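A quick write-up on the structure given underneath.
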Amino acid sequence: MNLSIVSCCLLLLGWKQCAGATNGDDVSHNSTSNGNDQGFGDCECVPYFKCNGPTRNTGCDDFLSVCCESKTQFQDEIIPKKHDRGCGRRNPNGLGFSSNGDADHAQFGEFPWMMALLGRETTEGNLNESWSYQCGASLIHRQVVLTAAHCISGKYMMYKIRAGEWDTRTENEFYPRQERTVKTAILHPEYSSRSLTHDFALLILESPVKIQNNIDVVCLPAKEEIIDNITCYATGWGRDNFGKEGDYDVLLKKLEAPILDGTTCESCLRHSRLGSRFKLHESFLCTGGQPDIDICKADGGSPLVCPIKGKLNKYYQAGIISWALNCVGVPGVYANVIKALDWIDKTMTDNGFETSSYKY
């Protein structure tokens with residue numbers, strides 16, 4: 001991932017930071033290898049879970065395929081591993097497959113709450129048949145998704161979510177993805193489309209998703225949670241550049257994102273085109289990037305998740321990717337989920353949903 005230096009942030013922090021872009025660079029499609037290619041017989045590319053024997057370290061069409069030595073090694077199913085139920089469960093090593101330690105991309109099933117929000121345009125009552133990626137989102141209940149209000153505000157579209165997505169080029173996952181139509185979109189009552197303050201939206205699905213190893217809910221923070229001096233993760237499929245010239249990544253990306261205190265964030269943003277009088281609204285929080293790491297525009301709505309103290313591989317959602325000035329050298333700005341907890345709880349209750357799904 002790419003990042004440029006901003007002088008004000010270097011002076012204030014001593015390291016680089018950005019709100020901006022993700023990396024759409026191609027990644028080599030190496031499959032898992034149990035031996036050397038030398039002396040290896042003929043092989044065939046198959047979904048990874050169908051090969052019960054040696055695999056060749058060679059290119060297949062996607063990350064979820066391996067070149068299996070013999071058809072006699074094929075199997076149609078595997079026994080899923082059981083996992084601990086409860087919100088915020090991260091799978092840092094993936095599920096039955098590893099993408100060879102690629103630090104820029106998530107493992108398959110690593111962040112099971114990650115949703116893709118898809119939209120379909122309507123023109124004069126006629127639906128455009130194609131669905132397109134709009135934003136990221138997160139699952140907080142089997143039938144409720146959290147995203148940014150700007151992802152749906154003022155747009156005349158039908159929406160659906162896709163759960164369990166990872167590699168957008170294939171459906172070779174052992175654990176299938178699921179799609180659900182959005183029945184109702186509810187925007188935060190104080191949301192401003194001009195300033196993007198209170199950039200929160202809840203999407204109620206027509207039917208609940210089925211919880212499985214690669215699809216599960218994320219926790220939300222407690223009101224008293226102090227989100228300082230910790231490193232969190234942001235995820236998404238966003239473009240590698242602003243504007244139409246940017247390309248979407250085919251694999252889910254992940255970014256280590258250290259939380260940046262509001263004073264320092266505001267100071268950096270005042271050195272941008274926002275000017276010296278800019279004030280960071282309390283409904284926002286920021287992350288400061290690291291060298292060569294950044295996120296970008298099309299990742300709006302995606303979750304920023306932080307580790308729960310004292311709980312191994314358990315995470316709560318601290319933020320929602322909200323806005324960026326560009327892809328060059330300014331802090332990342334997120335909607336601060338803690339500021340929306342009362343509204344989220346009330347909206348859930350008013351619509352007949354329990355809030356226990358995202359409590360830890």
Side-chain angles (χ1 to χ4, degrees), residues 48-49 64 78-99 101-103 105-117 136-147 161-167 173-180 202-203 205 208-222 225 227 230-237 251-257 259 301-321 334 337-338 341 344-345 348 353-360:
Y48 70 95
F49 58 86
L64 290 172
I78 58 176
I79 300 175
K81 292 182 179 180
K82 294 183 178 180
H83 67 267
D84 295 332
R85 295 296 180 184
C87 66
R89 171 189 51 84
R90 179 188 168 208
N91 300 301
N93 298 317
L95 296 171
F97 176 83
S98 175
S99 57
D102 177 8
H105 293 87
Q107 299 290 341
F108 169 60
E110 182 173 356
F111 301 97
W113 51 79
M114 183 68 202
M115 305 284 109
L117 177 61
S138 58
L139 191 69
I140 64 171
H141 180 281
R142 290 179 59 214
Q143 203 170 346
V144 184
V145 168
L146 177 64
T147 190
I161 60 95
R162 180 177 295 164
E165 181 65 278
W166 180 66
D167 185 340
E173 299 91 341
F174 172 72
Y175 302 103
R177 63 194 190 188
Q178 301 174 33
E179 292 186 351
R180 297 291 187 274
L202 290 174
L203 308 179
L205 309 179
V209 299
K210 178 182 178 182
I211 300 299
Q212 57 192 41
N213 283 22
N214 66 326
I215 300 173
D216 212 337
V217 298
V218 67
C219 300
L220 298 186
E225 193 73 54
I227 309 177
I230 54 177
T231 296
C232 305
Y233 286 95
T235 50
W237 291 274
L251 287 181
L252 180 66
K253 299 181 303 297
K254 67 178 178 182
L255 159 71
E256 285 192 5
I259 297 295
S302 295
L304 173 75
V305 297
C306 305
I308 299 174
K309 296 176 183 177
K311 295 182 180 291
L312 181 64
N313 293 326
K314 292 279 189 173
Y315 287 75
Y316 63 81
Q317 182 172 350
I320 303 169
I321 297 178
Y334 303 73
V337 171
I338 286 181
L341 286 176
I344 292 172
D345 286 347
M348 292 285 288
F353 299 112
E354 296 182 355
T355 62
S356 58
S357 61
Y358 49 76
K359 306 289 187 180
Y360 61 90

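The first residue in the sequence is number 1, and the count goes up from there. Not measured: the values here are computed from a predicted model.
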[X] side chain to [Y] backbone, donor-acceptor under 3.5 Å:
| X | Y | answer |
| --- | --- | --- |
| Ser357 | Ile140 | yes |
| Asp216 | Pro112 | no |
| Arg89 | Asn213 | yes |
| Arg142 | Val209 | yes |
| Gln143 | Leu205 | yes |
| Gln212 | Pro176 | yes |
| Gln178 | Lys210 | yes |
| Lys253 | Gly236 | yes |

Glu354 side chain reached by Met348 side chain, heavy atoms, under 4.5 Å
no
Can you find a pair of side-chain heavy atoms, one from Val305 and one from Tyr316, that are under 4.5 Å apart?
no
How are the rings of Tyr315 and Trp113 set to each other: parallel, tilted or perpendicular (split at 30° and 60°)?
tilted
Assign the ring pair Phe111 / Tyr233 to parallel, tilted or perpendicular, where the plane angle (0 to 90°) is split at 30° and 60°.
tilted
Rounded to the nearest 0.5 Å, how far apart are CG of Leu139 and CD of Gln317?
10.5 Å
